[in-house]
Structure formats: C-alpha cells, structure tokens
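The next block holds one structure in the form of structure tokens; read it before the comments.
All ligand and atom numbering here is 1-based and tracks the order in the structure.
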Amino acid sequence: MNIAVIGTGYVGLVTGACFAEFGNDVTCVDVDADKIARLSQGIIPIYEPGLDTLVAKNMQAGRLRFTTDLRTAVEQALVIFLAVGTPPKEDGSADLRYVEEAARSVAEHMNGYKVVVTKSTVPVGTGEHLRRLMREHQKRKCNFGIVSNPEFLREGAAIEDFMRPDRVVIGSRDEEAIAIMRDLYRPLYLIETPFVITSLEAAELSKYAANAFLATKISFINEIANLCDKIGCDVHDVARAMGMDNRIGRKFLHPGPGFGGSCFPKDTRALAAVARQYGCTSLIVDAVIEVNERQRAAMVPKIEQLVGDLRGKTIAVLGLSFKPETDDMREAPSVYIIRGLLERGAAVRAYDPVAMPEAAKILPEITYAEDEYQAVKGADALVFVTEWNQFRALDLARVRQLMRTPKIADLRNIYEPEKMRELGFDYVGVGR
Ligand code: NAD
C-alpha cells in the first residue's frame, strides 16, 4: 500500500518506518527542509532506540523516503497520516493550526479517493472539522474517508509499542476507510492484536482518556508518597501492596518529581478544555494537573532542606530528559528543578547519556559533564532526576569520595535509603 505520513517527529517517523517495515511504500513529509535533508542522508534527528537501523534498512529497500514535496506524496498515497504536533494553547486547549494546515494542503492535492488519518492527538470533533475543512479546500472533488487512529506509543520503546501494541483503535464512519485501515494493520492480526473499531469521537476521546488515566495514577501515587514522608513509611511497600491487585495493576505507581514529557501535561490540560467546551466538569483531571504542579514545585525545597542555603553551592544533576531512553526535553521535570536551583543561587553541573544537546538549547547557563563522576566531582549534593539504567549501579564509594559533601536527593527512588545511609550519604528519596 502507498502511504504518506505528514510530520516526521517522534510519532511520524516511527509510524513511517514501521509501516515501511510491514512492506508498504512510505513517503514521509515535513515542512522542515533541514530535517528532511538530514533524514534523506540517514541522519535521525531524535534519539529513539532502534529507529536508526529501521529507517536505514527500509530506505535501502526503497520502501521509505523523505521529502518536503507534499503534493507528490499525496498524489501517490492511498492512506495519508497526519502526525504533526498539537501543542497546548494558552488556555490549555490543543492548538490545531498544524493539523489544519496539513489537512488543507492534503485536500488541495487530492487526485482520487484517499483515507485521511489523524495520528496526532486531537480533541473530540476534530475529525468532522477536518472533513468540512478539506471539502472546502479540495481543488478536485474526490471522495475521502476520515479516520482517527490515535497513537499510544511510548518514547524510548516506540518501535516495540508500534509493532506490538496492546490495541489498535480505529474510529471512523466510513466503511471503506475502515476496511483499508484493517488491511494496513493486517500484519498485527498475526500476533492477535485487538482492534477497537469505534466512532471518530470515541477514538479521539480514548487517547485523552487513556493518557489522563495514566497521569492520574502518577499523581495519585505522588500524593500517597508525600503522605508516606509525613508518616515515616515506605511508599514502595504501599505501591507494591496496591499494585498486586489486578484491578489496580503495578504500572505507573512509581513516585517521582511529577510527570513531564510531550504528552501527559498537554493532554490532561486539553482533556479539561474539551470538558469545558462541552459544559462538563473535569474534577479528577483538574486535581491531577494541580497535584503534578505541586509535586514539581516541591522538589527544589526538598533539595534545599537537604543542602541548606543553596547560594554558592554546586549541585550535580543526573538525568535531564523527561524519562530514560529518549532525548525529549519537552516539559522535563529537570528544567523546572534546574531553574529553581539557579534562582536560589546554586551552580548546576549536569549529565545525561543522550539529552545534553537538547538540554543545552533550553538550559545554556549550566555546565555539562562528560560522565556521572565528572558531574559529582566537588559537588555539594547529587540529584537524580531521570532514572537512566546506567545510574542504577554507580560506584557509590567513588561518588562519595568525589563529592564535597555526600548528600543525595534521589527523586526517582533508584537507590535503597538504608543502604545509602549505611554508605555514609545524607539521603532523601520521594515517599521513603
Ligand atoms: P513533533 O513535534 O516531534 O513532530 C511534529 C513534526 O511535524 C515536526 O517535524 C514539524 O516540522 C512537522 N510539521 C508541522 N507542521 C507540518 C505541516 N504542515 N506539514 C508537514 N509537517 C509539519 O511531534 P510528536 O511528538 O511526533 O507528536 C505528534 C503528535 O502525536 C502530537 O499530536 C502528539 O500529541 C501525538 N503523540 C505523541 C506521542 C509522543 O510520545 N511523542 C505519543 C502519542 C501521540
């Protein structure tokens, strides 16, 4: 099948590479000419494990190409995925300008029946809105189907998630479009992936609801962690006891500095905006957002409590990306924490295995270290912000010896408090 993917960010690039891997003929389109030039040379602009190999393999096989020429891509494609960004507006609602712009361009170049699929996370009603918008902008009147096919992949495990999803959601009222989508995803039938065929609106809402629910679990356990800190018990024990209940599940019950990234903060706010638009309340989602903001804001005071006056102190920060295995810095807790430390007069020396180039664009005022040990050398405290695997087995005796004062704020609870205290660290975690 001939496919066009509009937008080559985390989602578009993975979608394009994976559909090419399934044997389709895929053209990825972006307005960013620089990005397209680099991709055409096989240079992947983001860090996503396995993506470079998959892209190279499929480019070599002639099934995957990159272009700024949307017209040709649309003319040749039967299925067109919109995978452009939907950033938040000031009021929290999703900014649809990129989606609308892409949809208009697609409409202008339609030369026959096409299936237009939103992979971007879009508010309820966007599919129908795009149908009207595209009809207005068609130069040639041709039929087309509109499908919502939300993407549930996790950055850092995106390829595995795309190839082995828990489910595929296809929302549409166009029978022909649904049949084509089923055909496109046929390789996943072989591994018995469940398909949820719904209305456009239910598919659109399912993505926001899923992300808001996961964010709820995080804010919930963060609130319990803060209670544990006051009580003096270990939130990990509580989370384990809770999570073994199958109705609750173990995942996303890990306390920390609050959720970040390109999805949860934006999608919770967008869901609240959708509720407002429909005259409904969103009490739970509102609370999830507020708990997260408070959690984020509580991290610097936590560090301050450990270190004392931060003025003139050097703080080593390990981990910058919003989570491990990605270089994505969007809404990363590290940014809020580091800015708070700087405001209080501290100097920050940071290390991250992959996100330092991205971080330097946002945080040019801090020092970047070559590795973990260089970061902690002479530091007054060490703060773990992202739980990269390579931070889990540091040579702690060496760390202790290198630091000016052995103080650790472990905001991801990667070490055991008792062990750390035995090793001579002044140690604080989250809810332990
Ligand atoms: P991104 O910002 O990484 O990439 C968007 C790309 O679209 C950019 O390369 C941009 O240049 C391009 N673009 C913008 N307007 C364009 C146009 N008119 N024509 C062609 N290209 C255009 O975004 P992302 O993280 O890949 O997210 C894309 C969408 O997928 C968002 O709606 C997001 O909420 C959703 N989503 C993201 C994730 C994730 O983990 N990142 C997961 C699931 C869903």
Checklist entry - Can Gln390 and Glu372 be counted as having a side-chain donor-acceptor contact under 3.5 angstrom? => result yes
Checklist entry - In terms of atom number and element, which parts of ligand 1 are under 4.0 angstrom from non-hydrogen atoms of Lys35? => result 8 (C), 9 (O)
Checklist outcome for this item: ligand 1 to Gly85, heavy atom cutoff 4.0 Å, flagged ligand atoms 5 (C)
Checklist entry - Taking both backbone and side-chain atoms of Gly12, is any N or O found less than 3.5 Å from an N or O belonging to ligand 1? => result no
Next on the checklist: Among all the protein's non-hydrogen atoms, which is closest to atom 18 (N) of ligand 1, and how far away is it?
Outcome noted: Glu101 OE2, 3.5 Å
Checklist outcome for this item: atom 22 (C) of ligand 1 sits nearest the protein heavy atom Val84 CG1, 3.4 Å
Checklist entry - Between Thr367 and Arg349, is any side-chain donor less than 3.5 angstrom from a side-chain acceptor? => result no
Show every donor-acceptor pair shorter than 3.5 Å between a side-chain atom in residues 352-365 and any protein atom, with sequence neighbours excluded, or say none if there are none.
| from | atom 1 | to | atom 2 | distance (Å) |
| --- | --- | --- | --- | --- |
| Asp352 | OD1 | Val354 | N | 2.9 |
| Asp352 | OD1 | Ala355 | N | 2.7 |
| Asp352 | OD2 | Leu320 | N | 2.6 |
| Asp352 | OD2 | Ser321 | N | 3.2 |
| Asp352 | OD2 | Trp388 | NE1 | 3.0 |
| Glu358 | OE2 | Lys361 | NZ | 2.8 |

Checklist entry - Is it the side chain, the backbone, both or neither of Ser262 that has a heavy atom closer than 4.0 Å to ligand 1? => result side chain
Checklist entry - Does Cys263 approach ligand 1 within less than 4.0 angstrom via side chain, backbone, both or neither, non-hydrogen atoms only? => result side chain
Item to check | Within reach of ligand 1, part of Arg154 (heavy-atom separation under 4.0 Å) | outcome: neither
Item to check | Asp328, any N or O under 3.5 Å of ligand 1 N or O | outcome: no
Checklist entry - Which is it for Asp69 and Thr72 under the side-chain hydrogen bond (donor to acceptor under 3.5 Å, both in side chains) test, yes or no, and what are the steps along the way? => result CA-CA 6 Å; Asp69 177 10; Thr72 310; 2.3 Å; yes
Next on the checklist: If you take the nearest heavy atom of each of Thr86, Leu153, Val29, which one is closest to atom 32 (O) of ligand 1?
Outcome noted: Thr86
Checklist entry - Any idea which part of Arg104 is under 4.0 Å from ligand 1, heavy-atom wise: side chain, backbone, both or neither? => result neither
Item to check | Residue pair Thr86 / Lys266, side-chain donor-acceptor N/O under 3.5 Å | outcome: yes
Checklist outcome for this item: atom 35 (C) of ligand 1 sits nearest the protein heavy atom Thr121 OG1, 3.4 Å
Item to check | Residue and atom name of the nearest protein heavy atom (relative to atom 12 (C) of ligand 1), distance in Å to one decimal | outcome: Asp30 OD2, 3.2 Å
Next on the checklist: We want to know whether Asn149 and Tyr185 form a side-chain donor-acceptor pair, criterion being a heavy-atom distance below 3.5 angstrom.
Outcome noted: yes
Next on the checklist: I need the full list of ring-ring contact (aromatic ring centres under 6.0 Å, His included) pairs touching residues 60-113, with sequence neighbours left out, sorted by first then second residue.
Outcome noted: Phe19-Phe81
Checklist entry - Between Glu387 and His254, do the side chains contain an N or O donor and an N or O acceptor separated by less than 3.5 Å? => result no
Item to check | Residue and atom name of the nearest protein heavy atom (relative to atom 34 (O) of ligand 1), distance in Å to one decimal | outcome: Lys266 NZ, 2.6 Å
Checklist entry - Which class fits the ring pair Phe259 and Phe264: parallel under 30°, tilted 30 to 60°, perpendicular over 60°? => result perpendicular
Checklist entry - When you measure from atom 41 (N) of ligand 1 to every protein heavy atom, which one gives the shortest distance, and what is it? => result Glu155 OE2, 2.7 Å
Checklist entry - Closest non-hydrogen protein atom to atom 43 (C) of ligand 1, residue and atom name please, with distance? => result Glu151 O, 3.1 Å
Checklist entry - Is a side-chain donor-acceptor pair under 3.5 Å present for Gln76 with Asn2? => result no
Checklist outcome for this item: The atoms of ligand 1 lying under 4.0 Å from a heavy atom of Arg330, numbered in the order shown, are 1 (P), 2 (O), 3 (O), 23 (O), 25 (O)
Next on the checklist: Assess, by modelled atom type and distance only, whether the side chains of Gln295 and Asn226 contain a donor and an acceptor separated by less than 3.5 Å.
Outcome noted: yes
Item to check | Atom indices of ligand 1 within 4.0 angstrom of Ala83 heavy atoms, with elements | outcome: 28 (C)
Next on the checklist: Does the structure place the NZ or CZ of Arg167 under 6.0 Å from the centre of the six-membered ring of Phe152, at an angle of no more than 45° from the ring's axis?
Outcome noted: yes
Item to check | Numbered atoms of ligand 1 (with element) below 4.0 Å of Ile6, judged on heavy atoms | outcome: 19 (N), 20 (C)
Next on the checklist: When you compare ligand 1 with Asp32, is there at least one nitrogen or oxygen pair between them that comes in under 3.5 angstrom?
Outcome noted: no
Checklist entry - Looking at atom 7 (O) of ligand 1, what's its closest protein heavy atom, distance included? => result Gly7 CA, 3.5 Å
Next on the checklist: In this structure, is the centre-to-centre distance between the rings of Phe252 and Phe213 below 6.0 Å?
Outcome noted: no
Next on the checklist: With heavy-atom distances below 4.0 Å as the criterion, list the atoms of ligand 1 near Tyr98.
Outcome noted: 15 (N)
